[in-house]
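We're numbering straight along the sequence, starting at 1. One-based numbering, in listed order, for ligands and for the atoms of each. Both backbone and side-chain heavy atoms feed into the values below; hydrogens, waters and symmetry mates do not. For clarity, every value in this text was computed on a predicted model and none was experimentally measured.
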Amino acid sequence: MKPLRIGLIGYGFMGRTHSNAYIQVNNFFDLEYRPVLQAVCARDAEKAKSFAAKWGYQSIETDWRRLVERDDIDLIDIAAPNNVHAEIAIAAAKAGKMILCEKPLALNGPEAEKMVAAVTKAKVPNMVWYNYRRVPAVTLAKQLIDEGKLGRIFHYRAKFLQDWTISADLPQGGAGLWRLDVKVAGSGVTGDLLAHCIDTAMWLNGGIDSVTATTETFIKQRKHTLTGKVEKVGIDDASLFLARFSNGSLATFESTRYARGHKALYTFEINGEHASIFWDLHDLHRLQYFDHRDQGAVRGWRSLHITDSEHPYMKNWWVPGLQIGYAETFVHQVVDFIQGLSKGKMAGPTFKDGLATDYVTDAVLKSAKTGRWEKVKKAR
Ligand SMILES: NC(=O)c1ccc[n+]([C@@H]2O[C@H](COP(=O)([O-])OP(=O)(O)OC[C@H]3O[C@@H](n4cnc5c(N)ncnc54)[C@H](O)[C@@H]3O)[C@@H](O)[C@H]2O)c1
């Protein structure tokens, strides 16, 4: 196996999921490359050292620029907050590195365009960590749709509900709370949660032409962790939009961090002329499937347990009937990235796909301001 020397930026939530994936991947999948945990970068040297020791990284850096310049790094993995994605990715592309970047690709479409231009010019392999595509049940949904099992699609319905920002005492900004600071996050639930729903939706059901949206910021002011002052909140706490897909189907999308009782309730339902499917992140190893062509007496919603060897990715894990979970979606993403390298054909979502999602979130945020339907720019 050839080494694929990783330079990871950010050791938080995603830094852990990515590191776990690099460590696991060759134990379960036969691949041409083996990720090598070459260096982790974070601004706090002590914390970076302790992360490196725990996860097995060979070295640390405290400035990402230094990491990007290193000759012994093949791939830069950006697992830091949204406001630094563009600068790091553009520098990494110029240095000829492969790039895996967390979602959303950038703070907005124009910034993402520069990232796409940089990787296109440098011809470096690139991917965005929209990991939900690689939940086996979601990948199966894609296969069923591509095989035409659903027929013409009429409706797409997605939700991503959480409840962790309801308290008005919660500050904004700084470690762990950067998602509430619009300068760092770019937007609220639109870019954080709906971006996932949009990526999955466009992968399953094609492009989105236009949207009409409404957003709300329920808590208007919060203390900022870094300044110590009470400051205006610039993010959207809740975001709801209607969409028209290019294939003629209609959609509703809803996301909020104020749905008491829900932690990460990402669900989608798709209704076609022959069949419908429903998926729920809290029950991620199941796909609900209804086929109108079933014999009448036994026709009904089937709850498919996605653990058989014929299900996507599953033959590489345990035995039929035994489940995998969230962490493995990141393993699958590394598998597909490496297989793409071997074939010379990149697996999605590429930066261009990430830009397409940023164009939709831009249109959603614009529509929430104008109160009108807004056309979505197409990523070319
Ligand atoms: N794919 C998913 O499902 C998913 C889930 C959560 C987060 N994310 C995305 O991953 C990214 C990181 O989110 P997270 O939840 O891991 O955040 P986090 O707060 O847990 O970790 C962020 C890390 O980035 C580091 N960091 C911040 N600024 C830096 C800089 N200038 N240089 C180097 N390191 C820096 C922090 O020290 C920290 O280690 C975000 O873009 C987020 O939207 C994706």
Identity and separation of the nearest protein heavy atom to [atom]:
atom                    : value
atom 39 (O) of ligand 1 : Tyr11 N, 2.9 Å
atom 36 (C) of ligand 1 : Arg43 NH2, 4.1 Å
atom 21 (O) of ligand 1 : Gly12 CA, 3.4 Å
atom 20 (O) of ligand 1 : Phe13 N, 2.9 Å
atom 5 (C) of ligand 1  : Met14 CE, 3.1 Å
atom 11 (C) of ligand 1 : Ala80 O, 3.4 Å

- Message: Please evaluate residues Leu31 and Val335 with respect to the criterion side-chain contact (heavy atoms from CB on, under 4.5 Å), reporting the C-alpha separation (whole Å), side-chain torsions for both, the decisive distance (0.1 Å), and the verdict.
- Response: CA-CA 8 Å; Leu31 298 166; Val335 170; 4.2 Å; yes
*Check the angle between the aromatic planes of Tyr11 and Phe51 and answer parallel, tilted or perpendicular using the 30° and 60° thresholds.*
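Rings of Tyr11 and Phe51: tilted, as their planes differ by 30° to 60°.
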Under 30°, 30 to 60°, or over 60°: which ring-plane class applies to His285 and His305, parallel, tilted or perpendicular?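 Ring orientation of His285 relative to His305: perpendicular.
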Checking [Y] against [X]: is there a side-chain donor and acceptor pair closer than 3.5 Å?
X      : Y      : answer
Thr165 : Arg179 : no
Ser276 : Asn271 : yes
Glu374 : Thr370 : yes
Ser249 : Asn205 : yes

I'd like to know if Asp291 and Arg299 make a salt bridge, using a cut-off of under 4.0 Å between side-chain N and carboxylate O.
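Here Asp291 does not pair with Arg299 in a salt bridge, since their nearest N and O are not under 4.0 Å apart.
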Check your understanding: Is the number of heavy atoms from other residues, nucleotides or ligands under 6.0 Å of His292 NE2 greater than 12?
Key ->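 No - once you tally the heavy atoms of other residues, nucleotides and ligands closer than 6.0 Å, there are 12 at most.
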- Task: Report, as yes or no, whether the 6.0 Å neighbourhood of atom NZ on Lys352 holds more than 12 heavy atoms from other residues, nucleotides or ligands.
- Result: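 Open.
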Check your understanding: Given side chains that start at C-beta, do those of Phe337 and Gln333 come closer than 4.5 Å, heavy atoms only?
Key ->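 Sidechains of Gln333 and Phe337: no contact.
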Which atoms of ligand 1 are found less than 4.0 Å from any heavy atom of [X]?
X      : answer
Asn131 : 1 (N), 2 (C), 3 (O)
Trp129 : 1 (N)
Asn82  : 40 (C), 41 (O), 42 (C), 43 (O)
Ala79  : 12 (C), 22 (C), 23 (C), 24 (O)
His85  : 41 (O)
Pro81  : 22 (C), 24 (O), 26 (N), 27 (C), 28 (N)
His196 : 1 (N), 2 (C), 3 (O)
Gly10  : 23 (C), 24 (O), 25 (C), 39 (O)

Is it true that [X] lies under 4.0 Å from ligand 1, counting heavy atoms only?
X      : value
Tyr326 : yes
Ala175 : no
Trp178 : yes

message: Does the Lys NZ or Arg CZ of Lys142 fall within the cation-pi geometry relative to Trp203 - under 6.0 Å from the ring centre and within 45° of the axis?
response: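 Pair Lys142/Trp203 counts as cation-pi.
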* Asked: How does the hydrophobic cluster around Ile219 look, that is, which other residues are in it when side-chain heavy atoms under 4.5 Å mark a link?
  ->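 Members alongside Ile219: Ile166, Phe218, Tyr258.
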Exercise for the section: For ligand 1, find out whether one of its N or O atoms is nearer than 3.5 Å to an N or O atom of Tyr132. Expected result: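 Not met; the criterion fails.
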Decide whether an N or O pair under 3.5 Å exists between Val84 and ligand 1.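 N/O-N/O distance below 3.5 Å does not exist for this pair.
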Relative to ligand 1, is [X] under 4.0 angstrom through side chain, backbone, both or neither, heavy atoms considered?
X      : result
Glu102 : side chain
Ile9   : side chain
Lys47  : neither

* Asked: Can you list the steps and then say if Phe268 with Phe278 is a ring pair (Phe, Tyr, Trp, His ring centres under 6.0 Å)?
  -> CA-CA 6 Å; Phe268 65 76; Phe278 172 81; 7.9 Å; no
**Message:** Regarding atom 7 (C) of ligand 1: of the candidates Lys103, Gln333, Arg179, which has the closest heavy atom?
**Reply:**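 Nearest heavy atom to atom 7 (C) of ligand 1 lies in Arg179.
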